[in-house]
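Report on one structure; see the data block that follows.
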Amino acid sequence: MSSTDQAVLQHGHRDDYGSRMGMWLFLFTELILFGGLFIIYAVYRYMHQQEFHMAAQELNTTIGLINTIALLTSSMTAAMSITAMQKGNIRFSKGLIWITIGFAFMFMVNKFFEWSAKINHGIFPGSKDLLAKPDGEILYFGLYYVMTGLHTFHVIIGVIFFLFILRQIKQGKIHSTRYVRLENSALYWHLVDLIWIFLFPLFYLIH
Amino acid sequence: MAKTAMPEEKVEPSYLEVSTNKHKKGILSWILSVDHKRIGILYLFSMMAFFTVAVIFGFLIRLELIAPGRTIIDAQTYNQLFTLHGIIMIFLFIIPGLPAVFGNFFLPIMIGAKDVIFPRLNLMSWYMFVFGGLFAVASMLLPGGSADTGWMFYVPYSVRTNTNVLPALIAAFILGFSSILTGLNFITTIHRMRHPDMSWFKMPLFVWSLYATAWIQVLATPIIGITLALVGIERLLGVGIFDPALGGDPVLYQHLFWIYSHPAVYIMILPAMGVVSEIIPVFSRRSIFGYKFIAFSSLAIAFFGSLVWAHHMFTAGMSDTAQFVFSFITYVVSIPSAIKVFNWLSTMYKGSIKLDPPFLYVMSFIVQFSIGGFTGLMLGALSLNIHLQDTSFVVAHFHYVMFGGTGFGIFAAMHYWLPKMFGRMYNLKVATWAWGIVTVGYNMLYMPMFIMGYLGMPRRYFDYLPQFQPYHVASTIGSWILIIGLIIMFTNLWIGMRKGPKTSMNPWGGETLEWKIQTPPILENFHEVPDIHAGPYDYSKYEAKKETTK
Amino acid sequence: MSEHQHEESHVIEYGNYIFIWLGLLAFTGITVTVSGIDLGNWTIAIALFIACVKSWYVLNYFMHMKYEDKVFKIFIVTALVTFMIFLGFTFWDYSFVR
Amino acid sequence: MFTSASNFTNSVDAVFLYIAGLSLIVLIGIIVAMVYFVIRYSRKRNPVPTHIEENLTLEILWTVIPLVLFISMFYFGWVGYKDMRAIPDDAMQINVTARMWQWSFEYPNGLKTDTLYVPVGKAVRALLHSTDVNHAFFIPAFRIKKDVYANKNNDIWFRSEKIGKYDIACAEYCGLQHSGMYSAVYIMKQEDFDAWYKATSAKAGLQPTLTAQVLK
């Protein structure tokens with residue numbers, strides 16, 4: 001143990017390492033939160049394989065693919081913004097964050113059209129068309145709405161995080177030697193990406 | 001007898017006089033303070049308020065059951081009362097009782113830190129706790145009344161009943177996240193804020209138990225969060241997830257519910273075991289027996305505890321494989337608990353024991369927790385479980401572990417640490433009497449439930465067959481004795497806290513760090529951290545000779 | 001415990017990120033293509049395997065896990081093992097005759 | 001408490017007595033040891049404590065011995081449970097329907113009753129269905145219980161051993177009248193049952209036959 005640990009004890013000392021550790025622990029809770037949904041998905045898909053297969057035909061793979069690419073790319077720009085910050089290139093870093101936010105909006109707009117199309121087709125919770133379908137399809141669409149809905153909610157929170165970061169950069173609270181909040185927001189954003197990496201094949205690619 | 005005179009003059013104003021914020025006095029200096037000790041105190045009082053409410057509910061439930069048929073309340077009210085009793089006791093008393101109150105107050109001190117690593121997050125957890133709690137209680141005032149589902153919210157009843165289930169679900173959700181944030185804070189604090197000399201195996205066992213608990217809080221609680229959220233969504237929007245009418249599987253709900261709620265039992269009991277491991281060496285003036293075994297058994301309990309959830313579902317009609325596996329692991333998970341009990345007993349062996357109130361509560365803990373454990377073995381046996389499941393035998397077993405165990409652990413912690421927290425001592429004689437009354441009343445309340453449970457008295461029954469009445473009467477009288485004991489105990493603690501004689505730095509002769517600093521502690525706990533090299537349970541100054549057998 | 005006391009800030013070059021990103025896109029392409037071929041139960045296994053590979057890269061490079069301390073790696077394994085237990089043990093019930 | 005009402009009563013009680021007996025011995029051991037230590041090593045009698053760190057042999061002993069005992073408990077529980085799952089082929093099938101808050105029983109010929117009548121010594125298989133929320137079919141005297149769900153086909157079986165009337169309770173919380181959801185099972189002599197079955201079926205205009213079922 002070195003003397004810096006003693007410094008940790010000093011009041012008001014900054015511990016970036018500790019902040020990241022706390023953020024990771026928080027990400028685990030998010031992971032398990034979605035994990036609960038994945039367990040439900042796994043069980044119902046196991047019980048109703050054919051019906052999940054049928055229901056998945058209703059989803060548009062292209063939209064899903066575009067959203068996957070959007071999230072992967074935004075994940076990259078979020079990671080790059082840290083590099084830019086570390087190099088002291090604050091303007092570039094801000095630009096990259098804005099690009100990330102842009103992709104997030106693209107994702108949400110896509111999602112909005114996707115959901116509206118479903119709802120126009122009469123597929124939404126409690127609708128007559130949906131209730132007429134077999135059990136497995138009702139469950140599939142129930143899970144589809146809940147899981148992509150919760151995911152989109154996380155996208156929104158991620159955007160709020162980044163807007164907050166931009167504000168703090170402007171205020172000078174985040175700079176090239178102090179950027180753990182940017183790192184943590186990026187971590188959160190990558191988690192959103194990670195979840196989607198699984199959601200995409202599980203909902204869109206059952207052919 | 002505790003030294004009641006003040007041996008050293010007070011050098012500095014304590015945390016009770018100095019807050020972390022600009023408010024010098026008044027409520028704002030408390031509810032806006034990020035000092036871990038003040039937050040601990042906030043938790044203490046809010047928790048006690050909720051506890052009082054839940055005890056009153058419990059009292060009413062018992063009173064109703066003194067005779068078959070309607071006695072004082074109708075069936076609907078009864079159902080709502082036992083639901084709220086469960087929700088409040090579990091989410092607002094037992095779970096936060098030790099970690100959030102005494103963990104917050106003493107964890108940083110015990111590892112030689114000035115605060116937890118995220119003080120503001122800590123305060124936010126408390127706000128979530130209060131907010132969630134008020135949600136649960138306030139739902140009683142809404143038209144339709146509070147939830148009547150039982151604290152397990154079993155689907156599809158919880159989706160269909162007309163009472164206000166949603167506020168209760170939201171309350172449990174918020175409280176879950178409050179608990180997660182506390183756990184996250186503790187893990188990071190233990191990793192990052194330990195004093196350089198405080199190596200892992202010099203940590204007090206209470207800290208070890210909190211560490212194990214915190215991991216369960218972080219990794220299991222989200223499951224209940226999402227599950228209850230889904231029930232809420234299902235109620236609100238009619239999304240098909242669990243409701244069998246929409247193709248859902250109610251047994252899957254039970255799986256998810258117990259994936260959290262079984263480990264939650266260990267969130268509740270582990271810190272109490274930590275308290276016991278603290279108190280026994282102090283009052284026996286002996287180093288704890290098998291430090292590493294107790295420390296690792298906490299981690300083992302945390303791990304195995306997450307593998308056994310489905311033993312709550314043996315009558316649900318699971319596959320035989322699942323029945324076999326979950327029953328078997330249930331027996332494995334009992335081993336670490338047994339190890340702890342034997343190590344505690346061995347710590348008393350050749351000690352120098354003083355029967356002060358904290359130790360008395362620990363003795364009750366050991367006996368009652370053992371009874372809870374043994375009846376747990378009965379419930380783990382498959383064929384027997386089929387008969388006992390959902391009877392008052394389970395209710396008694398659960399209360400023996402959670403109240404006879406954790407509840408008494410909380411009482412022990414109060415008698416042990418409150419003098420340190422407030423700098424004043426309660427009346428030891430009254431406390432001893434209160435202990436006797438509480439223990440007698442407690443056992444009289446729950447022991448009859450084992451018998452009538454075996455005879456076939458189902459749980460959550462508003463009315464019952466006449467042959468069960470003698471047991472119910474005995475149980476209800478027990479509840480009166482228990483409540484009298486509780487009143488005496490808490491009044492004594494309250495008076496002691498306000499007006500009792502001032503205590504010294506170390507009234508019990510403990511060796512962990514909190515006993516080596518000023519009473520009550522100063523704002524940032526230490527100017528200089530006391531010497532840690534000796535380890536947490538070093539009583540060599542009293543001891544005769546060393547007997548290290550390997 | 002190997003908890004380093006001071007911060008070593010790893011600067012990862014933009015080029016590396018672009019490289020990883022291209023890899024991720026390639027894997028996405030593979031998943032979409034493979035999902036078109038009917039391989040029975042293997043379809044979902046392959047899709048999940050590719051998803052895991054993608055997550056591995058996101059975790060290690062985008063999320064910098066590769067450069068973090070051992071503690072972080074132990075943490076993440078703990079979390080994943082816990083989740084696998086929750087998922088796997090649920091199937092003690094579902095994958096056998098009830 | 002221990003009159004044998006069904007084929008499971010004795011085996012379940014035996015497991016109970018086995019675990020309870022072992023537990024009681026250990027519990028008394030714990031209490032005696034604790035009280036003895038508290039008295040023998042009180043601060044007055046023993047002002048100077050002895051330092052004892054740990055003892056590996058002891059730790060191993062009290063890990064292994066409980067483990068062996070626990071596994072024996074598990075084994076007896078499992079054996080008893082396996083019997084509960086081994087439904088005989090000649091069992092009489094009864095459809096049991098649970099709704100808030102009553103039970104209904106349907107015999108193979110379609111006869112419906114709200115109380116269960118069963119000939120003594122005959123294996124009975126109850127197929128459990130719910131029309132609304134979860135319930136649980138519980139006959140305390142027979143030591144059997146099973147949850148009842150709306151879309152899950154749980155079943156349960158028993159062979160009664162003693163003539164008499166036994167309570168059927170609902171053991172899974174199901175709302176307002178949960179505690180009133182009692183019914184009864186009458187265990188009768190075969191002749192009495194046949195007479196009852198014939199008469200009641202005739203009254204309902206149904207064939208008083210069980211043969212299809214019995215042969216199955």
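Numbered from 1 within each chain, the chains take letters A, B, ... in sequence-line order.
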Quick one: are the ring centres of B/His191 and C/Phe72 less than 6.0 Å apart? no
If you count every heavy atom of other residues, nucleotides or ligands that lies below 6.0 Å from B/Tyr154 atom OH, does the total exceed 12? yes
Any side-chain heavy atom of B/Leu252 sitting closer than 4.5 Å to one from C/Tyr94? yes
Are the side chains of C/Thr90 and B/Trp309 in touch, meaning some heavy atoms are under 4.5 Å apart? yes
Give a yes or no on this: more than 12 heavy atoms of other residues, nucleotides or ligands lie within 6.0 Å of atom CZ of B/Phe328. no
Between B/Leu219 and C/Phe86 the two heavy atoms that sit nearest each other are O-CE1, 3.7 Å
Spacing of B/Gln323 atom CD and C/Asp93 atom CG [to the nearest 0.5 Å]: 8.0 Å
Side chain from CB out, backbone as N, CA, C, O: work out which of these in B/Ile329 comes under 4.5 Å of a heavy atom of chain C, or both, or neither. side chain
Contact class of B/Phe303 relative to chain C, heavy atoms under 4.5 angstrom: side chain
Just verifying a value: how many Å separate C/Trp92 CH2 and B/Asp320 CG, rounded to the nearest 0.5 Å? 13.5 Å
Would a distance-only check, ignoring hydrogens and angles, find a side-chain to backbone donor-acceptor pair under 3.5 Å from B/Ser306 to C/Thr82? no
Can you tell which part of C/Ser95 gets under 4.5 Å to a heavy atom of chain B, answering side chain, backbone, both or neither? neither
Distance (rounded to the nearest 0.5 Å) between C/Phe96 CZ and B/Phe324 CZ: 11.5 Å
Per-residue contact mode, B/Leu256 against chain C (heavy atom under 4.5 angstrom): neither
Taking atom CZ of C/Phe19 as the centre, report whether more than 12 heavy atoms of other residues, nucleotides or ligands fall under 6.0 Å from it. no
Would the number of heavy atoms belonging to other residues, nucleotides or ligands and lying under 6.0 Å from NZ of C/Lys73 be above 12? yes
